[in-house]
Student: 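One structure follows; several queries about it will come next.
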Number of protein chains: 2
Amino acid sequence: MIKDKYTIKDIAQMAGVSKGTVDRVLHKRGKVSKSAFEKVDKILKEIDYRPNPIARNLKKNKTYSIHVLLPDPHKDPYWIPANEGVLEAANQFTPFGILIRKYFYDPTDKSSFLIQSEEAILSQPDVLLMAPIFESESQVILGKCCRTKIPVVLFNNHMNTFKEQIFIGQDLKQSGRVAASLMGKIIGENDEIAIIHINKEPHMQSKENGFVEFFKEKPDRNHIMVSKTFNSADKIGFNQEVSQFIKSHPRINAFFVTNSKAYMLVEAFESLEKKDGIIIGYDLLKPNIKYLEQGAIKFLIHQKLKRQAFLSVNYLAEHFLFGKPLPSQELLPIDIITTENAHYYL
Amino acid sequence: MIKDKYTIKDIAQMAGVSKGTVDRVLHKRGKVSKSAFEKVDKILKEIDYRPNPIARNLKKNKTYSIHVLLPDPHKDPYWIPANEGVLEAANQFTPFGILIRKYFYDPTDKSSFLIQSEEAILSQPDVLLMAPIFESESQVILGKCCRTKIPVVLFNNHMNTFKEQIFIGQDLKQSGRVAASLMGKIIGENDEIAIIHINKEPHMQSKENGFVEFFKEKPDRNHIMVSKTFNSADKIGFNQEVSQFIKSHPRINAFFVTNSKAYMLVEAFESLEKKDGIIIGYDLLKPNIKYLEQGAIKFLIHQKLKRQAFLSVNYLAEHFLFGKPLPSQELLPIDIITTENAHYYL
DNA sequence: TTATTTAATGTGCTCGTACACATTTATGCA
DNA sequence: TGCATAAATGTGTACGAGCACATTAAATAA
């Protein structure tokens with residue numbers, strides 16, 4: 001009897017036992033006599049039995065809840081793609097009994113983060129998916145989840161202290177290196193470089209580290225590099241800061257912006273009537289793409305927030321539904337964007 | 001009665017009819033009285049009923065066969081990723097009753113292609129997935145599939161004549177433009193460029209067209225461009241051809257290789273002790289990556305053959321199993337590869 | 001009115017797995 | 001040997017959709 005799909009019934013028949021016994025052998029539960037075990041085990045070794053995931057899931061008939069905690073996309077457009085990714089995956093998996101609930105918090109307000117996260121874990125979801133942008137506060141939440149046995153999946157950025165969590169995102173340091181390798185290809189041998197942090201968040205330092213490291217490894221490259229942080233809340237203040245900076249560093253003409261706000265630097269340059277300047281930045285925000293097309297930004301690195309969010313939900317859903325193993329960490333490719341390939345990533 | 005998952009039984013109960021009647025309304029089959037129809041229809045409009053795809057599939061309990069026709073990866077390593085992609089997807093979907101059978105042909109032998117394709121469609125698979133590298137021969141096969149009502153999905157390259165087929169791959173012309181935009185960023189204003197076709201296949205012309213088009217659109221760029229095809233079967237002949245070419249075009253120092261064989265050009269340069277030369281090519285073959293790391297190749301464009309193959313099978317499987325709609329065409333992003341981000345794509 | 005056709009609706013089984021429950025067989029002890 | 005208990009095995013049902021078949025209600029003909 002050679003088939004390409006065996007069922008428990010088939011195995012039972014072949015081993016000369018009932019399907020109940022086969023079930024007991026497969027799941028190592030209940031009492032099975034030595035002889036019966038051997039009969040079934042022999043058959044199992046001969047054939048490649050893989051249970052039908054569809055039937056299994058139908059029987060289980062459980063709805064799984066995924067609670068997603070992320071910054072309100074209305075407050076910061078950076079998070080719009082994350083929301084879209086979650087939505088898309090949710091749409092795909094709700095018919096299968098995957099229940100996704102979103103909790104938005106204000107990315108400028110730590111207390112709102114705490115309130116929303118409390119809410120999110122209150123009803124004991126099967127898993128919490130979150131972007132941990134506030135370090136110490138996220139720590140608190142992770143501790144709570146640990147105690148209440150709610151598994152956590154992180155995306156966008158890492159939490160180094162909790163190694164056991166699952167992470168879906170990019171290697172930030174490596175993305176700094178990618179930026180550096182691009183910069184290295186398009187600037188002159190003696191050009192000076194500025195690393196610009198706009199409204200700096202802790203994880204942005206990794207990008208600078210990678211960027212600097214890349215050039216340190218190249219003995220033939222000795223660019224002067226300056227790291228600068230701009231923290232003005234408003235545009236006028238920001239432009240003033242930029243103006244002062246370029247006055248005090250007249251020879252710098254290459255700029256690496258470590259987050260999605262490269263467009264702000266371009267706009268500051270425009271208002272200062274600064275025409276040259278090679279800029280590399282992050283993310284496919286509308287103004288960034290506009291300046292990429294105009295040539296003011298040379299390259300963008302795509303952090304693929306949408307894909308991060310989508311993949312996270314996707315992995316979890318397929319894990320719950322069909323028992324697929326979860327990766328402990330998935331580092332997404334670091335995509336390089338130029339005018340000509342930008343539209344494929346939108 | 002507000003739930004988040006409704007079953008046919010639920011609807012039947014709510015409408016005060018039997019599940020048979022609900023089934024008839026849902027599928028518009030059999031006879032249903034006006035009053036019964038309205039009762040059920042009212043409920044259906046109130047709730048968002050989506051049939052459980054798992055239960056539906058379990059009932060159908062059909063095995064679907066996907067026959068894959070692709071060049072033997074032992075004969076040309078370019079096709080290894082395609083094979084891997086198919087394998088990976090097959091592995092994922094066999095437990096669901098998706099049966100994948102592969103047919104390898106010799107990419108240098110048209111008759112072997114015809115023999116294998118005959119074989120592939122002989123047993124009436126549910127779909128044929130193929131990379132149509134021989135144009136007129138593929139035409140014949142597509143015609144046969146059309147007559148025997150076997151749907152066809154193409155990947156790697158297009159067949160312009162059969163618009164109704166599904167295509168998963170890249171826009172080749174646009175990838176030429178991407179190469180051009182990269183080239184434009186790293187070469188000098190007056191540098192001369194060669195477009196190199198190694199063992200030219202028809203579809204490689206699209207890449208050249210895109211490349212040339214990009215520079216034509218830039219009025220401030222007036223690079224002299226030469227298109228050259230090398231067709232030697234062996235390495236010695238090839239190196240001679242290259243030697244002659246660079247002697248007769250001493251001022252050309254930028255090279256766009258339109259397929260995965262950029263490493264051959266690098267090796268020819270090495271044997272000729274030519275040290276300069278900016279090369280942009282395609283695909284993450286091992287020798288290509290080696291020369292990318294050594295700096296001899298500046299950029300590679302990733303055609304993502306593995307992903308093409310994987311996605312094709314994936315789309316088909318999810319279509320068969322869960323009724324997801326098939327895209328008529330999916331153009332994958334054109335990934336730019338440099339030393340620092342190469343390993344993520346392997 | 002009653003028999004007969006047709007329309008309308010309900011019932012019950014299938015798919016493969018998981019698990020509760022029922023039944024049979026073996027073992028221990030008086 | 002009888003009887004209680006435990007061990008081993010078999011049986012039956014649910015999950016949700018889909019479809020064949022059975023049943024009932026309505027319409028028509030005799």
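Numbers restart at 1 for each chain; the letters A, B, ... are given by sequence-line order, proteins then strands.
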Student: Taking NZ from A/Lys31 and P from C/dA26, how many angstroms apart are they, rounded to a whole number?
Tutor: 17 Å

Student: Could you check whether B/Lys45 pairs with B/Asp41 (Lys NZ or Arg NE/NH1/NH2 to Asp/Glu carboxylate O, under 4.0 Å)?
Tutor: yes

Student: Given axes from five pairs at either end, by how many degrees does the helix from C/dT1-D/dA30 to C/dA30-D/dT1 bend, rounded to 10°?
Tutor: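 Rounded value for the end-axis angle: 70°.
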
Student: Taking all heavy atoms of B/Arg56 and all of B/Pro51, pick out the closest pair and write down the distance.
Tutor: NH2-CG, 3.3 Å

Student: If you look at every heavy atom in B/Leu128 and B/Ile150, which pair is closest and at what distance?
Tutor: N-CG2, 4.0 Å

Student: Tell me whether the rings of B/Phe320 and B/Tyr64 are parallel (<30°), tilted (30 to 60°) or perpendicular (>60°).
Tutor: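 B/Phe320 vs B/Tyr64 ring planes: parallel.
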
Student: Does A/Tyr103 offer a backbone N or O that forms a donor-acceptor pair with the side chain of A/Gln116 under 3.5 Å?
Tutor: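 Absent.
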
Student: Do the side chains of B/Lys62 and B/Asp126 get close enough for a salt bridge, i.e. N-O under 4.0 angstrom?
Tutor: yes

Student: Quickly work out the B/Lys39 NZ to C/dA8 C1' distance and round it to whole Å.
Tutor: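 Going from B/Lys39 (NZ) to C/dA8 (C1'), I get 11 Å.
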
Student: Which pairs, protein N/O on one side and nucleotides 12-16 of chain D N/O on the other, fall under 3.5 Å?
Tutor:
residue, atom, partner, partner atom, Å
D/dG12, O6, A/Lys19, NZ, 3.0
D/dT13, O4, A/Lys19, NZ, 3.3
D/dC15, O3', A/Asn61, ND2, 2.8
D/dG16, OP1, A/Asn61, OD1, 3.3
D/dG16, OP1, A/Asn61, ND2, 3.1
D/dG16, N2, B/Ala55, O, 3.3

Student: It should be established whether A/Ser33 places a side-chain nitrogen or oxygen under 4.0 Å from OP1 or OP2 of nucleotide D/dA7.
Tutor: no

Student: Round to the nearest Å and state the distance from A/Lys34 atom NZ to D/dT9 atom C1'.
Tutor: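 Taking NZ of A/Lys34 and C1' of D/dT9, I get 19 Å after rounding.
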
Student: Do B/Asp48 and B/Arg50 meet the salt-bridge criterion of a basic N to acidic O distance under 4.0 Å?
Tutor: yes

Student: How long is the line joining NZ of B/Lys5 and P of D/dA17, in whole Å?
Tutor: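 Computing the B/Lys5:NZ to D/dA17:P distance gives 7 Å.
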
Student: Can you list, in residue-number order, the parts of residues 22-30 of chain A that come under 4.0 Å of DNA chain C, counting heavy atoms only?
Tutor: A/Asp23, A/His27, A/Arg29

Student: Can we say B/Glu38 and B/Lys42 salt-bridge, meaning some charged N sits less than 4.0 Å from an Asp/Glu carboxylate O?
Tutor: no

Student: Please give me the minimum heavy-atom distance between A/Ser138 and A/Met159, naming the atom from each residue.
Tutor: CB-CE, 3.8 Å

Student: Checking the side chain of A/His27 only, and the main-chain atoms of A/Arg29 only, is there a donor and an acceptor separated by less than 3.5 Å?
Tutor: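 Not confirmed, A/His27 side chain does not pair with A/Arg29 backbone.
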
Student: If you take the centroid of each ring, where Trp contributes its six-membered ring, are A/Phe96 and B/Phe322 closer together than 6.0 Å?
Tutor: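 Yes: the rings meet the under 6.0 Å criterion.
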
